[in-house]
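Below, all heavy atoms of this structure are taken into account, side chains as well, without hydrogens, waters or symmetry copies. Counting starts at 1 for both ligands and their atoms, in listed order.
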Amino acid sequence: MKILAIETSCDETAAAVVEDGRTIRSSVVSSQVDLHGRFGGVVPEVASRAHLDLIGPVVDEALAQAEVTGAHLDAVAATIGPGLMGALLVGVSAAKGYALGWGVPFIGVNHMEAHLHAALLEEPDLVLPVVVLLVSGGHTMLVSMERAPAPATFPFVYRLLGQTIDDAAGEAFDKVARFLGLGYPGGPAIDREAGAGDPRAIAFPRGLHDGSFDFSFSGLKTSVITYVRKHPEVAVADVAASFQEAVVDVLVAKARHAARAVGAGALCIGGGVAANSVLRQRIAEACAEDGIAAFIPSRAMCTDNAAMIGATAWFRLRADGPTPFDVGAQPNLRLPFV
Ligand code: KG4
Ligand code: ZN
(Lines give C-alpha, C1' and ligand atoms only; values in the text may rest on other atoms or scores of the structure.)
(Ligands and ions follow the chains in the order given, each with its own letter.)
Protein backbone atom coordinates (compact mmCIF):
# COMPACT_ATOMS: atom_id res chain seq x y z
CA MET A 1 0.00 0.00 0.00
CA LYS A 2 1.48 3.32 -1.10
CA ILE A 3 0.55 6.50 0.76
CA LEU A 4 1.32 10.06 -0.31
CA ALA A 5 1.89 12.06 2.89
CA ILE A 6 1.97 15.83 3.36
CA GLU A 7 3.39 17.85 6.27
CA THR A 8 2.85 21.62 6.61
CA SER A 9 2.37 22.16 10.37
CA CYS A 10 5.10 24.79 10.79
CA ASP A 11 7.83 26.06 8.46
CA GLU A 12 8.73 22.99 6.40
CA THR A 13 6.69 22.06 3.34
CA ALA A 14 7.17 18.32 3.00
CA ALA A 15 5.78 15.41 0.98
CA ALA A 16 6.71 11.74 0.89
CA VAL A 17 5.60 8.44 -0.59
CA VAL A 18 5.75 5.61 1.96
CA GLU A 19 4.99 1.96 1.22
CA ASP A 20 3.38 -0.29 3.86
CA GLY A 21 4.30 2.11 6.67
CA ARG A 22 7.95 1.06 6.34
CA THR A 23 9.63 1.79 3.05
CA ILE A 24 10.34 5.40 2.18
CA ARG A 25 10.01 5.67 -1.60
CA SER A 26 10.65 9.43 -1.50
CA SER A 27 10.86 12.18 1.10
CA VAL A 28 11.09 15.82 0.04
CA VAL A 29 11.47 18.66 2.56
CA SER A 30 11.49 22.29 1.49
CA SER A 31 12.56 24.49 4.39
CA GLN A 32 11.38 28.08 4.71
CA VAL A 33 14.21 28.96 7.11
CA ASP A 34 15.58 31.67 4.81
CA LEU A 35 12.16 33.37 4.63
CA HIS A 36 11.70 33.51 8.42
CA GLY A 37 15.34 34.08 9.41
CA ARG A 38 15.23 37.85 9.03
CA PHE A 39 12.23 38.01 11.38
CA GLY A 40 14.03 35.92 14.02
CA GLY A 41 11.27 33.28 14.12
CA VAL A 42 8.41 31.71 12.19
CA VAL A 43 5.86 34.28 10.98
CA PRO A 44 2.56 32.33 10.64
CA GLU A 45 1.18 34.34 7.72
CA VAL A 46 4.47 34.13 5.81
CA ALA A 47 4.53 30.36 6.45
CA SER A 48 0.99 29.85 5.08
CA ARG A 49 1.73 31.79 1.90
CA ALA A 50 5.00 29.92 1.34
CA HIS A 51 3.23 26.57 1.86
CA LEU A 52 0.71 27.60 -0.82
CA ASP A 53 3.51 28.33 -3.29
CA LEU A 54 5.51 25.21 -2.45
CA ILE A 55 2.93 22.48 -1.88
CA GLY A 56 2.31 21.66 -5.59
CA PRO A 57 5.98 21.47 -6.61
CA VAL A 58 6.96 19.54 -3.45
CA VAL A 59 4.22 16.92 -4.01
CA ASP A 60 5.19 16.63 -7.71
CA GLU A 61 8.81 16.10 -6.70
CA ALA A 62 7.88 13.41 -4.14
CA LEU A 63 5.79 11.56 -6.77
CA ALA A 64 8.54 11.89 -9.39
CA GLN A 65 11.27 10.62 -7.02
CA ALA A 66 9.07 7.65 -6.04
CA GLU A 67 8.32 7.07 -9.75
CA VAL A 68 4.56 6.95 -9.12
CA THR A 69 1.48 8.85 -10.27
CA GLY A 70 -1.86 9.31 -8.53
CA ALA A 71 -3.03 6.06 -10.14
CA HIS A 72 -0.51 4.07 -8.05
CA LEU A 73 -1.51 5.56 -4.69
CA ASP A 74 -3.83 3.95 -2.13
CA ALA A 75 -4.36 6.92 0.20
CA VAL A 76 -3.33 10.52 0.88
CA ALA A 77 -2.37 11.64 4.39
CA ALA A 78 -1.68 15.03 5.94
CA THR A 79 -0.79 16.42 9.36
CA ILE A 80 -4.02 17.78 10.91
CA GLY A 81 -2.33 19.12 14.08
CA PRO A 82 -0.86 20.34 16.30
CA GLY A 83 0.62 23.33 14.49
CA LEU A 84 -0.13 26.72 12.99
CA MET A 85 -3.74 26.97 11.77
CA GLY A 86 -3.03 28.63 8.42
CA ALA A 87 -0.06 26.37 7.72
CA LEU A 88 -2.01 23.19 8.58
CA LEU A 89 -4.94 24.26 6.39
CA VAL A 90 -2.76 24.31 3.27
CA GLY A 91 -1.60 20.71 3.70
CA VAL A 92 -4.98 19.38 4.83
CA SER A 93 -6.84 21.03 1.94
CA ALA A 94 -4.28 19.88 -0.60
CA ALA A 95 -4.39 16.29 0.71
CA LYS A 96 -8.19 16.20 0.60
CA GLY A 97 -8.10 17.58 -2.96
CA TYR A 98 -5.66 14.90 -4.14
CA ALA A 99 -7.63 12.16 -2.33
CA LEU A 100 -10.94 13.26 -3.86
CA GLY A 101 -9.38 13.65 -7.30
CA TRP A 102 -7.79 10.18 -7.22
CA GLY A 103 -10.74 8.54 -5.44
CA VAL A 104 -8.69 7.26 -2.48
CA PRO A 105 -9.07 7.68 1.30
CA PHE A 106 -7.81 10.72 3.24
CA ILE A 107 -5.97 10.13 6.53
CA GLY A 108 -5.50 12.93 9.09
CA VAL A 109 -2.34 12.43 11.17
CA ASN A 110 -1.27 13.76 14.57
CA HIS A 111 2.16 15.41 14.13
CA MET A 112 3.39 14.34 17.59
CA GLU A 113 2.35 10.74 17.03
CA ALA A 114 4.32 10.89 13.78
CA HIS A 115 7.45 12.05 15.67
CA LEU A 116 7.02 8.94 17.88
CA HIS A 117 6.74 6.76 14.79
CA ALA A 118 9.79 8.29 13.14
CA ALA A 119 11.85 6.06 15.40
CA LEU A 120 10.03 2.89 14.35
CA LEU A 121 10.36 3.77 10.69
CA GLU A 122 14.12 3.42 10.88
CA GLU A 123 14.15 0.63 13.50
CA PRO A 124 11.15 -1.65 12.86
CA ASP A 125 12.40 -4.29 15.31
CA LEU A 126 12.53 -1.95 18.28
CA VAL A 127 11.44 -3.89 21.38
CA LEU A 128 8.56 -2.35 23.35
CA PRO A 129 8.09 -0.72 25.79
CA VAL A 130 10.42 2.03 24.68
CA VAL A 131 10.76 5.41 26.36
CA VAL A 132 10.79 8.23 23.82
CA LEU A 133 12.20 11.64 24.65
CA LEU A 134 10.25 13.91 22.32
CA VAL A 135 11.92 17.30 22.09
CA SER A 136 10.77 19.78 19.47
CA GLY A 137 10.14 23.49 19.05
CA GLY A 138 6.69 23.22 20.62
CA HIS A 139 6.87 20.15 22.89
CA THR A 140 9.11 18.44 25.41
CA MET A 141 7.82 15.16 26.78
CA LEU A 142 8.76 11.71 27.95
CA VAL A 143 6.44 9.07 26.53
CA SER A 144 6.35 5.35 27.13
CA MET A 145 5.38 3.63 23.89
CA GLU A 146 3.90 0.22 24.69
CA ARG A 147 2.26 -2.64 22.85
CA ALA A 148 -1.54 -2.35 22.96
CA PRO A 149 -3.28 -5.24 24.72
CA ALA A 150 -5.26 -7.58 22.40
CA PRO A 151 -7.77 -7.22 20.77
CA ALA A 152 -6.87 -3.59 19.99
CA THR A 153 -6.54 -2.91 16.26
CA PHE A 154 -3.99 -0.14 16.76
CA PRO A 155 -0.77 -1.83 17.91
CA PHE A 156 0.56 0.87 20.28
CA VAL A 157 -0.49 2.80 23.37
CA TYR A 158 1.25 5.93 24.61
CA ARG A 159 1.69 6.79 28.28
CA LEU A 160 2.72 10.34 29.20
CA LEU A 161 5.44 10.21 31.86
CA GLY A 162 6.27 13.91 32.03
CA GLN A 163 6.40 17.14 30.06
CA THR A 164 7.60 20.72 30.24
CA ILE A 165 5.73 23.03 32.56
CA ASP A 166 6.86 26.13 30.61
CA ASP A 167 9.10 26.44 27.53
CA ALA A 168 9.80 23.52 25.19
CA ALA A 169 13.50 22.60 24.85
CA GLY A 170 13.61 23.82 21.23
CA GLU A 171 11.93 27.06 22.24
CA ALA A 172 14.66 27.60 24.87
CA PHE A 173 17.36 26.99 22.23
CA ASP A 174 15.64 29.44 19.86
CA LYS A 175 15.13 32.17 22.49
CA VAL A 176 18.67 31.93 23.88
CA ALA A 177 20.15 31.93 20.37
CA ARG A 178 18.15 35.01 19.52
CA PHE A 179 19.36 36.77 22.67
CA LEU A 180 22.97 35.82 21.85
CA GLY A 181 22.55 37.13 18.29
CA LEU A 182 23.11 33.70 16.76
CA GLY A 183 20.09 33.83 14.43
CA TYR A 184 17.21 31.49 13.60
CA PRO A 185 16.69 28.57 13.95
CA GLY A 186 18.52 28.69 17.24
CA GLY A 187 19.10 24.99 17.90
CA PRO A 188 21.54 24.33 15.06
CA ALA A 189 23.20 27.75 15.67
CA ILE A 190 23.87 26.98 19.36
CA ASP A 191 24.97 23.44 18.49
CA ARG A 192 27.60 24.90 16.10
CA GLU A 193 28.71 27.76 18.37
CA ALA A 194 28.98 25.45 21.41
CA GLY A 195 31.56 23.37 19.57
CA ALA A 196 34.08 26.20 20.15
CA GLY A 197 33.13 26.81 23.81
CA ASP A 198 33.70 25.29 27.25
CA PRO A 199 30.57 23.52 28.58
CA ARG A 200 31.87 23.93 32.15
CA ALA A 201 32.58 27.67 31.85
CA ILE A 202 29.31 28.73 33.53
CA ALA A 203 27.26 26.63 35.98
CA PHE A 204 23.71 27.35 34.79
CA PRO A 205 20.85 25.89 36.89
CA ARG A 206 19.34 22.49 36.06
CA GLY A 207 15.57 22.99 36.24
CA LEU A 208 13.17 20.77 38.26
CA HIS A 209 15.62 18.46 40.01
CA ASP A 210 12.66 17.04 41.93
CA GLY A 211 12.63 13.40 40.88
CA SER A 212 9.64 14.01 38.58
CA PHE A 213 9.68 13.49 34.82
CA ASP A 214 8.58 17.07 34.18
CA PHE A 215 10.86 19.75 32.73
CA SER A 216 11.26 23.50 33.11
CA PHE A 217 13.47 25.63 30.88
CA SER A 218 12.28 29.19 31.40
CA GLY A 219 14.41 29.71 34.54
CA LEU A 220 17.49 28.56 32.64
CA LYS A 221 16.74 31.00 29.83
CA THR A 222 16.40 33.85 32.37
CA SER A 223 19.69 32.81 34.01
CA VAL A 224 21.50 33.01 30.68
CA ILE A 225 20.12 36.50 30.04
CA THR A 226 20.96 37.71 33.56
CA TYR A 227 24.48 36.26 33.38
CA VAL A 228 25.30 37.82 30.01
CA ARG A 229 23.99 41.23 31.13
CA LYS A 230 26.23 41.06 34.22
CA HIS A 231 29.26 39.76 32.26
CA PRO A 232 29.07 41.45 28.85
CA GLU A 233 32.67 40.41 28.06
CA VAL A 234 31.88 36.66 28.31
CA ALA A 235 32.67 34.54 25.23
CA VAL A 236 29.43 33.71 23.36
CA ALA A 237 30.75 30.20 22.62
CA ASP A 238 31.14 29.53 26.37
CA VAL A 239 27.59 30.71 27.06
CA ALA A 240 26.23 28.56 24.22
CA ALA A 241 28.17 25.49 25.38
CA SER A 242 27.22 25.93 29.05
CA PHE A 243 23.55 26.51 28.20
CA GLN A 244 23.45 23.46 25.92
CA GLU A 245 25.17 21.39 28.64
CA ALA A 246 22.48 22.37 31.17
CA VAL A 247 19.64 21.43 28.79
CA VAL A 248 21.23 18.13 27.75
CA ASP A 249 22.09 17.18 31.36
CA VAL A 250 18.46 17.46 32.43
CA LEU A 251 17.05 15.76 29.32
CA VAL A 252 19.41 12.79 29.63
CA ALA A 253 19.05 12.40 33.41
CA LYS A 254 15.24 12.36 33.24
CA ALA A 255 15.04 10.15 30.14
CA ARG A 256 17.35 7.63 31.75
CA HIS A 257 15.42 7.69 35.02
CA ALA A 258 12.15 7.20 33.08
CA ALA A 259 13.54 4.22 31.15
CA ARG A 260 14.51 2.59 34.46
CA ALA A 261 11.13 3.32 36.04
CA VAL A 262 9.21 1.79 33.13
CA GLY A 263 11.61 -1.13 32.67
CA ALA A 264 12.13 -0.11 29.05
CA GLY A 265 14.65 -2.03 26.99
CA ALA A 266 15.41 1.00 24.87
CA LEU A 267 15.55 4.76 24.94
CA CYS A 268 14.69 6.67 21.84
CA ILE A 269 14.81 10.36 20.88
CA GLY A 270 12.68 12.32 18.44
CA GLY A 271 11.77 15.86 17.38
CA GLY A 272 14.03 18.64 16.11
CA VAL A 273 16.17 18.96 19.27
CA ALA A 274 17.05 15.25 18.86
CA ALA A 275 19.28 16.48 16.03
CA ASN A 276 21.54 18.06 18.70
CA SER A 277 25.02 16.55 18.54
CA VAL A 278 25.72 16.57 22.30
CA LEU A 279 22.28 15.14 23.17
CA ARG A 280 22.79 12.30 20.65
CA GLN A 281 26.20 11.48 22.10
CA ARG A 282 25.06 11.61 25.74
CA ILE A 283 21.99 9.44 25.15
CA ALA A 284 24.18 6.84 23.47
CA GLU A 285 26.64 6.89 26.40
CA ALA A 286 23.88 6.70 29.04
CA CYS A 287 22.22 3.72 27.33
CA ALA A 288 25.54 1.89 27.00
CA GLU A 289 26.14 2.41 30.72
CA ASP A 290 22.62 1.25 31.63
CA GLY A 291 22.73 -1.77 29.31
CA ILE A 292 19.72 -0.74 27.23
CA ALA A 293 19.43 -0.04 23.51
CA ALA A 294 19.72 3.54 22.29
CA PHE A 295 17.76 4.45 19.27
CA ILE A 296 18.90 7.66 17.68
CA PRO A 297 17.16 8.29 14.36
CA SER A 298 18.96 10.09 11.54
CA ARG A 299 18.85 13.90 11.84
CA ALA A 300 16.51 14.12 8.84
CA MET A 301 14.04 11.81 10.62
CA CYS A 302 14.21 13.89 13.86
CA THR A 303 13.28 17.20 12.26
CA ASP A 304 9.92 17.73 10.52
CA ASN A 305 9.37 15.53 7.47
CA ALA A 306 6.48 13.79 5.69
CA ALA A 307 7.88 10.24 5.75
CA MET A 308 6.95 9.98 9.44
CA ILE A 309 3.42 11.17 8.54
CA GLY A 310 3.13 8.44 5.88
CA ALA A 311 4.31 5.74 8.31
CA THR A 312 1.82 6.78 11.01
CA ALA A 313 -0.98 7.08 8.43
CA TRP A 314 -0.53 3.44 7.42
CA PHE A 315 -1.02 2.23 11.02
CA ARG A 316 -3.97 4.57 11.54
CA LEU A 317 -5.71 3.62 8.29
CA ARG A 318 -5.48 -0.09 9.16
CA ALA A 319 -6.81 0.45 12.69
CA ASP A 320 -9.31 3.30 12.35
CA GLY A 321 -10.13 3.44 8.63
CA PRO A 322 -10.18 6.66 6.58
CA THR A 323 -10.61 10.05 8.24
CA PRO A 324 -13.94 11.68 7.31
CA PHE A 325 -13.54 14.62 4.94
CA ASP A 326 -15.24 16.95 7.41
CA VAL A 327 -12.35 16.55 9.89
CA GLY A 328 -10.20 19.65 9.51
CA ALA A 329 -7.02 21.23 10.90
CA GLN A 330 -6.72 21.11 14.71
CA PRO A 331 -3.97 23.48 15.92
CA ASN A 332 -4.17 22.19 19.53
CA LEU A 333 -4.48 18.48 18.82
CA ARG A 334 -3.05 16.30 21.63
CA LEU A 335 -1.58 12.84 21.68
CA PRO A 336 -4.10 10.12 22.63
CA PHE A 337 -2.54 9.06 25.96
CA VAL A 338 -3.83 6.13 28.01
O1 KG4 B 1 10.44 18.95 15.36
P2 KG4 B 1 10.84 20.25 14.77
O3 KG4 B 1 11.59 20.22 13.44
O4 KG4 B 1 9.58 21.19 14.60
C5 KG4 B 1 8.58 21.21 15.56
O6 KG4 B 1 7.65 20.34 15.46
O7 KG4 B 1 8.69 22.05 16.48
O8 KG4 B 1 11.73 21.02 15.88
C9 KG4 B 1 12.24 22.31 15.67
C10 KG4 B 1 13.11 22.70 16.85
C11 KG4 B 1 13.58 24.15 16.81
O12 KG4 B 1 13.34 24.74 18.07
C13 KG4 B 1 15.08 24.02 16.54
O14 KG4 B 1 15.84 25.09 17.07
C15 KG4 B 1 15.40 22.71 17.21
O16 KG4 B 1 14.29 21.88 16.91
N17 KG4 B 1 16.64 22.10 16.70
C18 KG4 B 1 17.75 21.90 17.46
C19 KG4 B 1 18.74 21.38 16.58
N20 KG4 B 1 18.19 21.29 15.33
C21 KG4 B 1 16.90 21.72 15.42
N22 KG4 B 1 17.96 22.11 18.77
C23 KG4 B 1 19.20 21.82 19.24
N24 KG4 B 1 20.20 21.35 18.47
C25 KG4 B 1 20.02 21.12 17.15
N26 KG4 B 1 21.03 20.64 16.39
ZN1 ZN C 1 7.80 18.53 14.65
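Note on residues 62-79: pairs passing side chain to side chain donor-acceptor pair (under 3.5 Å), not counting sequence neighbours, are Glu7-Thr79, Glu61-Gln65, Thr69-His72. Sorted by first and then second residue, the salt bridge (charged side-chain N to carboxylate O under 4.0 Å, His left out) pairs with a member in residues 297-308 form an empty list; sequence neighbours excluded.
A heavy-atom separation below 4.0 Å is found between Pro188 and ligand 1. Note on ligand 1: Gln244 sits outside its first shell, no heavy atom being nearer than 4.0 Å. In this structure, His111 counts as a contact residue of ligand 1, since one of its heavy atoms falls inside 4.0 Å of the ligand.
With contacts defined as side-chain heavy-atom distances shorter than 4.5 Å, the pair Leu88/Leu84 does not qualify.
The protein heavy atom nearest to atom 12 (O) of ligand 1 is Asp174 OD2, 2.7 Å. Nearest to atom 22 (N) of ligand 1 among the protein's heavy atoms is Gly187 CA, 3.2 Å. Atom 24 (N) of ligand 1 has as its closest protein heavy atom Asn276 ND2, 3.0 Å. The shortest contact between atom 21 (C) of ligand 1 and any protein heavy atom is with Gly272 O, 3.3 Å.
Close approach of ligand 1 to Gly138 (heavy-atom distance below 4.0 Å) involves ligand atoms 7 (O). The Gly170 neighbourhood of ligand 1 comprises atoms 12 (O), with distances under 4.0 Å to a heavy atom of that residue. When each atom of ligand 1 is checked for a heavy atom of Thr303 under 4.0 Å away, the hits are 3 (O). Taking every heavy atom of His115 and a limit of under 4.0 angstrom, the matching atoms of ligand 1 come to 1 (O), 6 (O). Within the listing of ligand 1, atoms 24 (N), 25 (C), 26 (N) sit less than 4.0 angstrom from a heavy atom of Asp191. Ligand-side atoms of ligand 1 in range of Gly137: 5 (C), 7 (O), 8 (O), 9 (C), 10 (C), 12 (O), range being under 4.0 angstrom from any heavy atom.
The shortest N or O to N or O distance between Pro185 and ligand 1 is not under 3.5 Å.
Arg49 CZ: 12 or fewer foreign heavy atoms inside a 6.0 Å radius.
Rounded to 10°, the angle formed at the Zn ion (ligand 2) by His111 NE2 and His115 NE2 is 90°.
Comment: Glu113 engages Arg316 in a salt bridge, judged by a side-chain N to carboxylate O separation of less than 4.0 angstrom. In this structure, Arg200 does not pair ionically with Glu245, as no charged nitrogen and carboxylate oxygen lie closer than 4.0 Å.
Of all non-hydrogen atoms in Leu73 and Val68, the two that sit nearest each other are CD2-CG2, 4.3 Å. Nearest approach of Ile292 to Ala259, heavy atoms of both residues: CD1-CB, 3.9 Å.
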- Worked check of side-chain contact (heavy atoms from CB on, under 4.5 Å) between Leu89 and Ser48: CA-CA 8 Å; Leu89 275 175; Ser48 312; over 6 Å; no
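A distance below 6.0 Å separates the ring centres of Phe243 and Phe173. Aromatic ring centres of Phe315 and His117 lie closer together than 6.0 Å.
Counting heavy atoms closer than 4.0 Å to ligand 1, residue Asp304 contributes atoms from both its backbone and its side chain.
Looking at Asp304, its N, O or S atom nearest to the Zn ion (ligand 2) turns out to be OD1.
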